[in-house]
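Read through the structure below, which is laid out as structure tokens, and then see the notes.
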Amino acid sequence: GAGMAQYCPAVLAPYIHMIEFTYDNLGERDDTGRPKGYNASNLRKAREFKHYGCASKAQTPLTPLNMNASVLSRVYLDLHDAEIDSMLLMRTFPVGRAARDVERFHVPSRDDYRRAIGVVRELEARYGTPRVRLQCALKHVDPSNEGEENPCDMLRESFGITNDGKLQLSAWAWDERGRPFPEWIIGDLTKEMMRDILTSPRVKAIRARLNENFGHCKIFAY
């Protein structure tokens, strides 16, 4: 985030295995939908941390603003030129600030997503890096993932933790004012042990229903 600019990468890098950053449009050339310079600044910081040995992953939410082949190609090549290790293609979630704007967005169709994934995978086959990965909420859209185990990793291997120690079922569970959805908080790590939270009757009941609505993201369902 923007606060990283206050710190020297040489100081932070020893504590970081992988730096993840958003890169979803064209740096200073075309920052549609983002504050001016947002993407360019993120990529510049990521390159600095790579210099000190950190792995790097670009997170790229797919929206109608960046899903055409020419924009996606330039985004991928920017990451390739910066020697970023991997690129995570994502759905844009109707949470946080986006919850206010979701009605004005054209929601991409399954075919829209598949075409965009295809464009980026062709580039990966040609250039090798960054390696392309799909966010769990996007995996079931891709034909190569259909029929496998439920791609939703909520509670199985993924959680969110708020800045004051609340354990969330998902790191995406935030409202438009930046507050966590209370229904998605399952414990308080400042007062409880993780193992006690995960063996509680409430969490056991949720775990038993994880495969309902197979393949569909539970944040979107909520």
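Values below: every heavy atom of this structure, side chains too, minus hydrogens, waters and symmetry copies. Numbers for residues simply follow the sequence, beginning at 1.
Counting only distance, with no hydrogens or angles, the side chain of Gln59 and the backbone of Leu89 share no donor-acceptor pair below 3.5 Å. Asn150 places a side-chain N or O within donor-acceptor distance of the main-chain N or O of Leu210, the cut-off being under 3.5 Å. Asp175 places a side-chain N or O within donor-acceptor distance of the main-chain N or O of Arg179, the cut-off being under 3.5 Å. Formation of a donor-acceptor pair under 3.5 Å by the Arg110 side chain with backbone atoms of His140 is found in this model. Here the side chain of Arg126 pairs no donor or acceptor atom with the backbone of Glu122 at under 3.5 angstrom. The closest donor-acceptor contact from the side chain of Arg114 to the backbone of Val141 lies under 3.5 Å. In this structure a side-chain-to-backbone donor-acceptor pair under 3.5 Å is missing from Thr129 to Arg131. Remark: side-chain polar atoms of Asp85 are paired, donor with acceptor, to backbone N or O of Ser56 under 3.5 angstrom. Side chain of Arg133 to main chain of Met87: no donor-acceptor pair is present (N/O by atom type, distance under 3.5 Å, no hydrogens or angles). Within the 3.5 Å criterion, the main-chain N or O of Arg195 finds a donor-acceptor partner in the side chain of Thr199.
Nearest heavy atom pair, residue Thr92 against residue Tyr113, reads N-OH, 4.4 Å. Of all heavy-atom pairs between Lys139 and Pro151, the closest is CB-CB, 3.7 Å. Between Val119 and Ser73, the shortest heavy-atom distance links the atoms CG1-OG, 4.1 Å. Contact between Arg202 and Ile185 at its shortest, heavy atoms only, is NH1-O, 2.7 Å. Nearest heavy-atom pair, Ile84 versus Ala58, reported as atom, atom and distance to 0.1 Å: CG2-N, 4.0 Å. Contact record, Tyr222 with Glu183: OH-OE1, 2.9 Å, taken as the closest heavy-atom pair.
Side chains of Val95 and Ile219 form a contact here, defined as non-hydrogen atoms less than 4.5 Å apart. Between Phe220 and Phe93 there is a side-chain heavy-atom pair separated by less than 4.5 Å. Counting only heavy atoms from C-beta outward, the side chains of Ser86 and Val132 never approach each other to under 4.5 Å. Side chains of Leu189 and Met194 form a contact here, defined as non-hydrogen atoms less than 4.5 Å apart. The closest side-chain heavy-atom distance from Leu43 to Tyr38 is not below 4.5 Å. Under the 4.5 Å side-chain criterion, counting only non-hydrogen atoms from C-beta, Lys166 is not in contact with Pro180. Inter-residue side-chain proximity for Cys152 and Cys217 is flagged as unmet; no heavy-atom pair is nearer than 4.5 Å. Residues Met154 and Trp184 form a side-chain contact, since some pair of their non-hydrogen atoms from C-beta on lies under 4.5 Å apart.
A donor-acceptor contact closer than 3.5 angstrom is absent between the side chains of Asp111 and Ser109. Of the N and O atoms on the side chains of Glu124 and Tyr76, not one donor lies less than 3.5 Å from an acceptor on the other residue.
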Kindly indicate, with the supporting measurements, whether the criterion side chain to side chain contact (heavy atoms under 4.5 Å, CB included) is fulfilled by Leu155 and Leu198. CA-CA 9 Å; Leu155 189 57; Leu198 297 185; 4.2 Å; yes
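Side-chain heavy atoms closer than 4.5 Å link hydrophobic residues (I, L, V, M, F, W, Y) into clusters, and following such links, possibly through other members, connects Leu138 to Leu72. One hydrophobic cluster, built from ILVMFWY side chains closer than 4.5 Å, cannot hold both Phe49 and Met18; they sit in different ones. In this structure, Tyr52 is not a member of the same hydrophobic cluster as Phe21, with clusters built from ILVMFWY side-chain heavy atoms closer than 4.5 Å. Each of Trp174 and Phe181 belongs to its own hydrophobic cluster when Ile, Leu, Val, Met, Phe, Trp and Tyr are linked at side-chain heavy-atom distances under 4.5 angstrom.
For the atom pair NZ of Lys218 and CG of Asn213, the computed distance is 6.5 Å after rounding to the nearest 0.5 Å. Atom-to-atom distance recorded for Cys54:SG and Lys45:NZ is 14.5 Å, nearest 0.5 angstrom.
A salt bridge links Arg209 and Glu212; the closest N-O separation between the charged side-chain nitrogens and carboxylate oxygens is under 4.0 Å.
The number of heavy atoms from other shown groups lying within 6.0 Å of CD (Glu83) does not exceed 12. Applying the 6.0 Å contact sphere to CG of Leu77 captures more than 12 heavy atoms from other residues, nucleotides or ligands.
Partner Asn39 forms a side chain to side chain donor-acceptor pair (under 3.5 Å) with one of Asn25, Asp24, Thr22 and no other, that one being Asp24.
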